[in-house]
Undergrad: 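A single structure is presented below for examination.
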There are 2 protein chains.
Amino acid sequence: MAATDDPNPPKRRRRRTGQSSASLGQVAELAGVSTATVSRAFNNPDRVSEAMRSRIFKAAEQLNWVPNAAGRALASARTRILGAVIPTLDNEIFARQVLGLQDGLSPHGYTLFLGCSRYCGEAALTEVRAMLEHGVEGIMLVGRDYPDTLFRLLRAHRTPHVLSYIYDPGLDHPTVGFRHDEIFAQLTRAHLEAGHRRFALIFQNVEGNSRVADRLRGVRETLAEAAAPLPEDQVLIGEGTLQFGADSLRRLMSLPEAVRPSAIICGNDTLAIGALSMAQRMGLQVPKDFAISGFDNTAISEMTAPPLYTAEIDNYLVGREAAEMMLRRLKNRKAPVEHLELQPRLIARASI
Amino acid sequence: MAATDDPNPPKRRRRRTGQSSASLGQVAELAGVSTATVSRAFNNPDRVSEAMRSRIFKAAEQLNWVPNAAGRALASARTRILGAVIPTLDNEIFARQVLGLQDGLSPHGYTLFLGCSRYCGEAALTEVRAMLEHGVEGIMLVGRDYPDTLFRLLRAHRTPHVLSYIYDPGLDHPTVGFRHDEIFAQLTRAHLEAGHRRFALIFQNVEGNSRVADRLRGVRETLAEAAAPLPEDQVLIGEGTLQFGADSLRRLMSLPEAVRPSAIICGNDTLAIGALSMAQRMGLQVPKDFAISGFDNTAISEMTAPPLYTAEIDNYLVGREAAEMMLRRLKNRKAPVEHLELQPRLIARASI
DNA sequence: TGCAATTTTGTAAGCGCTTACATCGGAGGA
DNA sequence: TCCTCCGATGTAAGCGCTTACAAAATTGCA
């Protein structure tokens with residue numbers, strides 16, 4: 001097996017990457033060092049001598065080198081990417097959570113993949129699958145309404161996850177959020193304490209959204225305890241929009257006076273504000289003609305006439321804490337499942 | 001150079017990837033074929049026989065295989081990732097553009113990296129750099145207010161980009177949007193036609209936001225043409241919030257009657273709604289005491305008292321068209337720079 | 001001054017995939 | 001029947017990086 005001819009015929013293998021940007025190898029060449037040293041200069045600066053380091057940095061700068069994440073990911077089995085699945089960007093609640101998430105994560109060098117489920121478990125699954133392909137190291141999900149397949153997939157990939165916007169120590173998944181039933185029980189009690197006994201509800205859709213289900217439950221249980229009736233036909237459920245709020249109010253206020261509700265609990269501020277604007281148009285006085293409450297404390301809620309009785313949760317903080325929890329899980333994969341309860345704040349205003 | 005001993009001592013090289021999820025190689029092994037065939041079965045199904053294909057799919061399913069994007073990216077120099085940089089998620093305008101973007105892109109198998117610049121060029125640059133590291137194939141940016149470095153970086157990486165939310169055929173970058181000056185000129189004319197001559201402006205911050213600058217210019221030029229004065233101390237600029245809108249209105253309405261404006265042009269609906277709510281609190285009649293207009297046509301703008309005169313652009317469509325344009329640029333790298341002008345719609349309501 | 005301990009740098013394998021090229025086995029034409 | 005052609009499959013290189021281990025350079029200390 002002596003070396004006779006040229007052992008490697010000049011097959012001229014592919015040259016796919018055009019003249020595109022520089023590689024670590026080229027930086028190494030320009031700096032006159034090995035690729036290992038360049039890699040270390042960037043990832044473990046203190047394992048490289050001062051002189052060498054500045055020589056390498058200069059070369060990198062000169063070539064305008066930007067490291068290739070795919071190469072890094074393949075070699076190190078780390079991507080520094082995290083994923084977040086939210087219902088929709090079209091809602092400032094979730095947008096603000098994402099903001100908190102990004103602020104909590106980027107100082108640690110993580111980039112965020114964002115997916116919207118539009119309240120559909122299957123869509124969420126698709127998003128998660130795409131994220132796993134891209135090697136996300138962890139995933140944050142809003143709520144718990146996802147198919148089992150999704151959680152099984154996560155487990156199979158050993159990808160940690162955190163559920164945000166809910167607090168549920170009974171769950172085998174880490175959660176960061178609050179008790180939706182509890183805060184709606186509080187809102188309900190506020191109405192009861194103001195002496196109301198005839199209730200109606202205007203709520204957003206509940207299917208595929210256990211948070212709304214929890215809110216409804218909180219209201220129902222509290223009313224039941226107080227032995228206050230809640231006629232089922234006065235529980236109006238539809239889109240969580242201004243329009244549905246307005247339409248629902250008109251419907252409720254068209255009822256015969258004997259059964260007309262004196263207190264209306266809305267599933268969020270948007271519904272309540274829609275109702276309030278309809279009340280104004282109908283010439284009704286709030287809270288004289290009826291009391292109303294919302295949830296979220298959107299910016300406009302303190303400017304309505306009258307200002308809206310509501311409650312708020314710091315959604316930026318929810319995102320921020322979810323980020324922290326994710327970082328902890330990433331650091332210690334076998335830590336026990338954590339739960340963090342945040343406290344919503346009741347905002348007592350004139351609409352009750 | 002004869003082969004004497006074992007040429008490759010059992011060094012037992014690293015075994016980094018734990019027992020993590022399956023690789024294409026394992027799928028190949030289970031199906032009893034080469035890795036090349038597995039790859040083809042997924043990427044070029046028609047280059048593989050029917051029987052083989054189903055055998056491979058079965059094996060993949062059995063192992064719960066999810067392809068590794070890093071490996072694919074490295075081998076194919078394609079990532080199927082695109083990036084989008086928006087000022088902030090905290091604004092439904094941009095959130096809706098992102099929604100349009102995702103809807104336009106995901107049918108084509110692209111995933112989206114999202115970055116927020118918070119109206120800061122440097123922050124945008126950081127985001128873009130991170131995206132380039134991750135090998136995005138193209139980037140969509142809101143507006144044109146970015147440092148030159150950013151565009152140079154993009155050019156160096158041969159990464160196509162599209163600017164959204166503006167239309168400017170004079171720019172050497174593709175744009176999808178509308179003329180901010182033009183629509184504000186129209187809004188201004190609406191006031192003029194209603195007979196107003198004494199104007200004030202309530203606008204969001206203009207630095208680092210050429211769109212707001214364009215809007216202001218549109219107003220100023222139109223007023224100048226009509227020889228209507230615009231005292232500089234009645235151009236109020238601050239945060240684009242309800243609060244600033246409300247505060248500004250109070251300030252304007254506290255002016256001596258002789259100089260008090262009869263028409264107020266706001267840079268967006270939020271400012272106008274803030275002003276409107278303050279007017280209500282002050283017991284002022286709109287449009288009797290003053291006329292006011294906004295921009296965006298937010299959901300609530302038709303429910304204010306009175307409903308707000310405004311204009312709207314279909315932001316979902318902006319995102320959608322930006323996606324299409326990006327796809328075209330991706331398909332044909334050397335296509336000439338395109339510009340798409342979308343038309344905002346004037347929404348004439350009772351506040352003028 | 002000499003040698004071990006320590007730091008700094010180099011060598012080269014391999015991460016999971018795609019793809020140029022080689023090979024193999026019919027099908028079809030002469 | 002032989003040969004060509006073509007479709008299906010295999011072989012193996014290499015994408016850009018990290019890192020275990022080896023080698024070299026430097027330091028510390030007796």
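Being a predicted model, the structure only gives us computed values, none of them experimental.
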Undergrad: Return the angle between end axes of the helix from C/dT1-D/dA30 to C/dA30-D/dT1, with five pairs used per end and rounding to 10°.
TA: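 One end axis against the other gives 40°.
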Undergrad: So which of residues 59-71 of chain B are in contact with DNA chain C, with a heavy-atom cut-off of under 4.0 Å?
TA: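 Close to the strand are B/W65, B/P67, B/N68, B/G71.
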Undergrad: Between C/dG10, D/dT11, C/dC15, spot the one nearest the side chain of A/A36, thanks.
TA: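 Nearest listed nucleotide: C/dG10.
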Undergrad: Does A/S39 put a side-chain nitrogen or oxygen below 4.0 Å from OP1 or OP2 of D/dT18?
TA: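 Yes, such a contact exists.
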Undergrad: So which one's nearest nucleotide on DNA chain C is more toward 5', A/R40 or B/L24?
TA: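 Per heavy-atom nearest nucleotide, the more 5' residue is A/R40.
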Undergrad: When you check the phosphate oxygens OP1 and OP2 of C/dT18, does a side-chain N or O of B/S76 lie under 4.0 Å from one of them?
TA: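 So the side chain of B/S76 is outside the cut-off, no N or O lying under 4.0 Å from OP1 or OP2 of C/dT18.
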Undergrad: Any chance you could measure A/L82, atom CG, to A/H161, atom NE2, to the nearest 0.5 Å?
TA: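 A/L82 CG to A/H161 NE2: 14.0 Å, rounded to 0.5 Å.
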Undergrad: Is the distance between the ring centroids of B/F42 and B/W65 under 6.0 Å?
TA: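 Yes, they do, as the ring centres are separated by less than 6.0 Å.
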Undergrad: Distance from B/T126 atom OG1 to B/L150 atom CG, nearest 0.5 Å?
TA: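 CG of B/L150 is found 9.5 Å from OG1 of B/T126.
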Undergrad: Under the side-chain hydrogen bond (donor to acceptor under 3.5 Å, both in side chains) test, which residues partner B/R329, sequence neighbours left out?
TA: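 side-chain hydrogen bond (donor to acceptor under 3.5 Å, both in side chains) check on B/R329 returns nothing, list empty.
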Undergrad: If we ignore angles and hydrogens, is there a donor and acceptor under 3.5 Å between the side chains of B/S164 and B/Q97?
TA: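 B/S164 vs B/Q97: donor-acceptor pair found between side chains.
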Undergrad: Partners of B/E29 by side-chain contact (heavy atoms from CB on, under 4.5 Å), sequence neighbours excluded?
TA: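 Result, side-chain contact (heavy atoms from CB on, under 4.5 Å) vs B/E29: none returned.
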Undergrad: To the nearest 0.5 angstrom, please state how far the CG atom of A/L101 sits from the CZ atom of A/R96.
TA: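 Answer rounded to 0.5 Å: 14.5 Å.
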Undergrad: Side chain of A/S23 only, heavy atoms from C-beta on: which candidate in C/dT9, D/dG16, D/dT18 is closest?
TA: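 Nearest listed nucleotide: D/dG16.
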Undergrad: Out of C/dT18, D/dT11, C/dG10, which nucleotide sits closest to the side chain of B/S34?
TA: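 For B/S34, the side-chain atoms sit closest to D/dT11.
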Undergrad: Just how far is it from atom CG of B/L327 to atom CG of B/N332, taken to the nearest 0.5 Å?
TA: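 These two atoms lie 13.0 Å from each other.
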Undergrad: Roughly how many Å is it from CZ in A/F42 to P in C/dT9, rounded to a whole number?
TA: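 These atoms are roughly 14 Å apart.
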Undergrad: Taking only residues two or more places apart in sequence or in another chain, which ones pass side-chain hydrogen bond (donor to acceptor under 3.5 Å, both in side chains) with A/T37?
TA: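 Testing A/T37 for side-chain hydrogen bond (donor to acceptor under 3.5 Å, both in side chains), a comparison that skips the adjacent residues, returns A/S34.
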Undergrad: Just distance, no hydrogens or angles: give the donor-acceptor pairs under 3.5 Å from side chains in residues 129-143 of chain A, sequence neighbours left out.
TA:
{"unit_1": "A/E137", "atom_1": "OE1", "unit_2": "A/R78", "atom_2": "NH2", "d": "3.0"}
{"unit_1": "A/E137", "atom_1": "OE1", "unit_2": "A/Y110", "atom_2": "OH", "d": "3.4"}
{"unit_1": "A/E137", "atom_1": "OE2", "unit_2": "A/T79", "atom_2": "N", "d": "2.8"}
{"unit_1": "A/E137", "atom_1": "OE2", "unit_2": "A/R80", "atom_2": "N", "d": "2.5"}

Undergrad: Which parts of residues 46-57 of chain A get close to DNA chain D, meaning a heavy atom less than 4.0 angstrom away?
TA: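 When residues 46-57 of chain A is checked for heavy atoms under 4.0 Å from DNA chain D, there are no hits whatsoever.
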Undergrad: With a 4.0 Å cut-off, would you call A/E61 and A/K58 a salt bridge?
TA: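 No.
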Undergrad: Given atom CG of A/L74 and atom P of C/dA13, what is their separation to the nearest angstrom?
TA: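 My rounded result for the distance is 17 Å.
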Undergrad: For B/Q62, what residues pass the side-chain contact (heavy atoms from CB on, under 4.5 Å) criterion, not counting sequence neighbours?
TA: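 Testing B/Q62 for side-chain contact (heavy atoms from CB on, under 4.5 Å), a comparison that skips the adjacent residues, returns B/L30.
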Undergrad: Which residues in residues 127-137 of chain B have a heavy atom closer than 4.0 Å to any atom of DNA chain C?
TA: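 None, since no heavy atom is under 4.0 Å.
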Undergrad: Whether the side chain of B/T149 engages the backbone of B/P147 through a donor-acceptor N/O pair (distance < 3.5 Å, no angle test) should be reported.
TA: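 Between the backbone of B/P147 and the side chain of B/T149 there is no qualifying donor-acceptor contact (under 3.5 Å).
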Undergrad: Does D/dT18 have OP1 or OP2 sitting under 4.0 Å from an N or O in the side chain of A/R72?
TA: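 Yes, such a contact exists.
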Undergrad: I'd like a list of close polar pairs between nucleotides 4-6 of chain D and the protein, N/O only, cut-off under 3.5 Å.
TA:
none

Undergrad: B/R78 CZ to D/dC15 C1': how many Å, rounded?
TA: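 Rounded to whole Å, this separation is 15 Å.
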Undergrad: Could A/R118 and B/D103 be called an ion pair, given the rule that one side-chain N must be under 4.0 Å from one carboxylate O?
TA: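 Yes.
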Undergrad: How about A/R47: does its CZ atom have over 12 heavy atoms from other parts shown lying under 6.0 Å from it?
TA: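 Incorrect, the count does not exceed 12.
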Undergrad: Output the rounded distance in Å from CG (A/N44) to P (D/dT18).
TA: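 Going from CG in A/N44 over to P in D/dT18 covers 10 Å.
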Undergrad: Please enumerate all residues that pass side-chain contact (heavy atoms from CB on, under 4.5 Å) together with B/R144, with sequence neighbours excluded.
TA: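 Listed in chain order: B/L163, B/I166, B/D168, B/L171, B/S210, B/D214.
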Undergrad: Any idea which of D/dT18, D/dG10, C/dC17 is nearest the B/V33 side chain?
TA: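 Looking only at heavy atoms from C-beta outward on B/V33, the closest nucleotide is D/dG10.
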Undergrad: Taking side-chain hydrogen bond (donor to acceptor under 3.5 Å, both in side chains) as the definition, give me every residue that meets it alongside A/E122, ordered by chain and number, with sequence neighbours left out.
TA: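 Result, side-chain hydrogen bond (donor to acceptor under 3.5 Å, both in side chains) vs A/E122: none returned.
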